[in-house]
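The structure appears below as structure tokens.
Counting starts at 1 for both ligands and their atoms, following the listed order. Because only heavy atoms are used, hydrogens play no part in the values below, and waters and symmetry mates are left out as well, while side chains stay in.
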Amino acid sequence: MAPPFSMLKILGIETSCDETSVAVVSESDGRFFVEKNLITSQIDLHKITGGVVPEVAARAHVEALFPLLLEAGVARDGSGIDAIAVTAGPGLIPALRIGVEAAKVLAYAWDKPLVAVNHLEGHIYSAWLGQWQPTFPALVLLVSGGHTELILMREHGKYKTLGTTRDDAAGEAFDKVAKLLGLSYPGGPEISRLAKEGNKEAIAFPRPMLESGDMDFSFSGLKTAVRVYLDASCAKGASIADICASFQEAVVDTLVTKTMRAVSEYHPASLILAGGVSANASLRERLTNSAHENHLPFFLPPLSYTTDNAAMIAVAGLFALQRKQFANPIILEADPHISF
Ligand code: KG4
Ligand code: ZN
């Protein structure tokens, strides 16, 4: 059903980690149109240190943000824009602050409504950027560099966390294992590229917390298992591709098994996969098949909206705007514990 937005155009700003992104998204009859979604990646910068240094990321956001606004064709007086949505947390505080301060200044100067968006909620709303839209209640598997969550979304803005990671997030595990293997940052895309050439049954890595009886995850033990394997003499016979394929299979198996258990328990009307790790081809395929077997409508963000982008923040912002969740441009601050 089309939500009553009455043709809004919103500017989205995302600077929570290592991508600076600016988007202009409009809505008509409940469909979202991404007019612009520009991303400047800092990956090359962070390859040098093998991970993100928050102050370095913040400085790069400062350099990238206003050129992106100009490139997006955003008018200097804000004409044509009805509201501004910005990621306020969670994320790296120095990085978040750059987007938040820019959004505050623009909202104040243009006298437009400002919305503070939770980055995780933004990832969930990437599922609304496809051709069809999820129905409620929706079960969400959110897997990113900082989070692994199973969330029951009863309606817009109403979330219940069913399970979370007790230590490393799924994306973090990909990045750390890639580092152990001497691969470059970020590790997820590298591991999934190499895994295509490997044998996923070559090494029996553990499936963490599969029998824990709850919906939580834990990936640090799996990372340790890879390290122990590499240290052991038997590693000499295995190719990097086999290690990548076997590690990826352990992560995907764990994520899919626990997600489908939550499906059996909560009987959602749809299933959503979101977050940077949702770019992983094996995870996409396995969850697509499992959803199909269960006759469950499955929503995957288009590949271009899986990793951090401002279009998803803009869509989440439009729904928050509809609920009249305005932020005050005088006092808004980056908030690592922003409610969700
Ligand atoms: O959502 P995202 O862009 O940033 C956060 O909010 O954290 O997710 C980034 C994470 C990184 O850990 C990256 O390695 C992982 O997503 N990632 C992948 C793939 N593409 C990105 N992990 C596995 N396979 C991929 N193809
Ligand atoms: Zn993210």
Side-chain angles (χ1 to χ4, degrees), residues 12-21 23 37 39-43 46-47 50-52 54 57 86-92 95-96 99 117-127 129 140-149 164-165 168-181 183-196 198 200 217 219-220 222-223 244-245 247-256 272-287 300-313 315-316 336 338 340:
I13 297 177
E14 155 67 40
T15 65
S16 68
C17 189
D18 56 354
E19 325 272 2
T20 318
S21 184
N37 184 46
I39 302 171
T40 298
S41 173
Q42 304 175 2
I43 280 177
H46 302 308
K47 269 191 172 130
V52 183
V86 64
T87 306
L92 306 171
L96 286 164
V117 174
N118 181 307
H119 182 77
L120 304 186
E121 190 171 19
H123 272 300
I124 294 173
Y125 274 100
S126 62
L129 285 165
V140 186
L141 173 64
L142 178 69
V143 271
S144 69
H147 293 84
T148 307
E149 318 267 326
T164 185
T165 181
D168 293 352
E172 194 179 353
F174 270 96
D175 295 339
K176 286 180 174 171
V177 166
K179 214 170 184 174
L180 288 176
L181 294 170
L183 304 173
S184 64
Y185 172 87
E190 285 291 288
I191 289 188
S192 71
R193 183 177 58 78
L194 284 161
K196 288 195 184 103
K200 62 186 182 188
F217 301 92
F219 290 108
S220 90
L222 179 55
K223 173 195 66 193
C244 288
F247 162 76
Q248 177 177 277
E249 184 65 5
V251 175
V252 169
D253 228 15
T254 309
L255 291 173
V256 172
I272 298 173
L273 173 64
V277 183
S278 72
N280 186 275
S282 170
L283 179 60
R284 289 171 87 87
E285 190 189 327
R286 282 279 301 278
L287 219 45
L300 268 171
L303 212 49
S304 50
Y305 301 123
T306 51
T307 47
D308 291 348
N309 67 87
M312 66 187 194
I313 302 302
V315 176
I338 182 172
F340 178 51

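- To the nearest 0.5 Å, the span separating CD on Glu149 from CG on Leu120 amounts to 6.0 Å.
- Using cut-offs of 30° and 60° on the angle between ring planes, the pair His119 and His123 is perpendicular.
- Ranking protein heavy atoms by distance to atom 18 (C) of ligand 1, first place goes to Gly188 CA, 3.5 Å.
- When only non-hydrogen protein atoms are considered, atom 2 (P) of ligand 1 lies nearest to Asp308 OD1, 3.3 Å.
- Residue Gln248 is tested with Asn280, Leu194, Val177, Leu283 for a side-chain contact (heavy atoms from CB on, under 4.5 Å); the sole match is Asn280.
- Tyr185 has its side chain within reach of Asp18: a pair of non-hydrogen atoms, C-beta onward, lies under 4.5 Å apart.
- Glu14 and Ser16 are linked by a side-chain donor-acceptor pair at a separation below 3.5 angstrom, with hydrogens and angles left out of the test.
- Closest to atom 21 (C) of ligand 1 among all protein heavy atoms lies Gly276 O, 3.4 Å.
- Between Phe174 and ligand 1, no N or O atom pair is found at a separation short of 3.5 Å.
- An N or O contact shorter than 3.5 Å links Gly171 to ligand 1 by distance.
- The line from CG of Leu129 to CG of Asn37 is 8.0 Å long, rounded to the nearest 0.5 Å.
- Of the polar atoms of Thr307, none of the N or O atoms is found under 3.5 Å from an N or O of ligand 1, judged by distance alone.
- Counting heavy atoms closer than 4.0 Å to ligand 1, residue His119 contributes side-chain atoms (C-beta onward) but none from N, CA, C or O.
- Looking at ligand 1, you won't find any N or O of Pro186 less than 3.5 Å from one of its N or O atoms.
- Interatomic distance, Leu96 CG to Thr15 OG1, rounded to the nearest 0.5 Å: 5.5 Å.
- Under 4.0 angstrom from ligand 1, the non-hydrogen atoms of His123 all belong to its side chain.
- Under a 3.5 Å cut-off, the side chain of Gln42 and the backbone N or O of Ala57 do form a donor-acceptor pair.
- When non-hydrogen atoms are compared, ligand 1 lies under 4.0 Å from the backbone of Asn280 as well as from its side chain.
- Counting heavy atoms from C-beta on, the side chains of Leu222 and Phe217 never come closer than 4.5 Å.
- For a distance threshold of 2.8 Å, the protein N, O or S atoms nearer than that to the Zn ion (ligand 2), listed by chain and number, are His119 NE2, His123 NE2, Asp308 OD1.
- Residues Arg286 and Asp253 are in side-chain contact: their nearest non-hydrogen atoms beyond the backbone lie under 4.5 Å apart.
- Put simply, NZ on Lys176 and OG on Ser220 are 7.5 Å apart, with the number rounded to the nearest 0.5 Å.
- Between atom 19 (C) of ligand 1 and the options Pro189, Ala170, Ala195, Ser278, the minimum heavy-atom separation is to Pro189.
- For ligand 1 and Asp175, the ligand atoms under 4.0 Å from any heavy atom of the residue are 11 (C), 12 (O), 13 (C), 14 (O).
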* Applying ring pair (Phe, Tyr, Trp, His ring centres under 6.0 Å), run through Phe247 and Phe174 and close with a yes or a no. => CA-CA 9 Å; Phe247 162 76; Phe174 270 96; 5.2 Å; yes

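- With ligand atoms numbered from 1 in the order given, ligand 1 contributes 5 (C), 7 (O), 8 (O), 9 (C), 10 (C), 12 (O) to contacts under 4.0 Å with heavy atoms of Gly145.
- Per-residue contacts place Gly146 under 4.0 angstrom from the following atoms of ligand 1 (heavy atoms of the residue considered): 7 (O).
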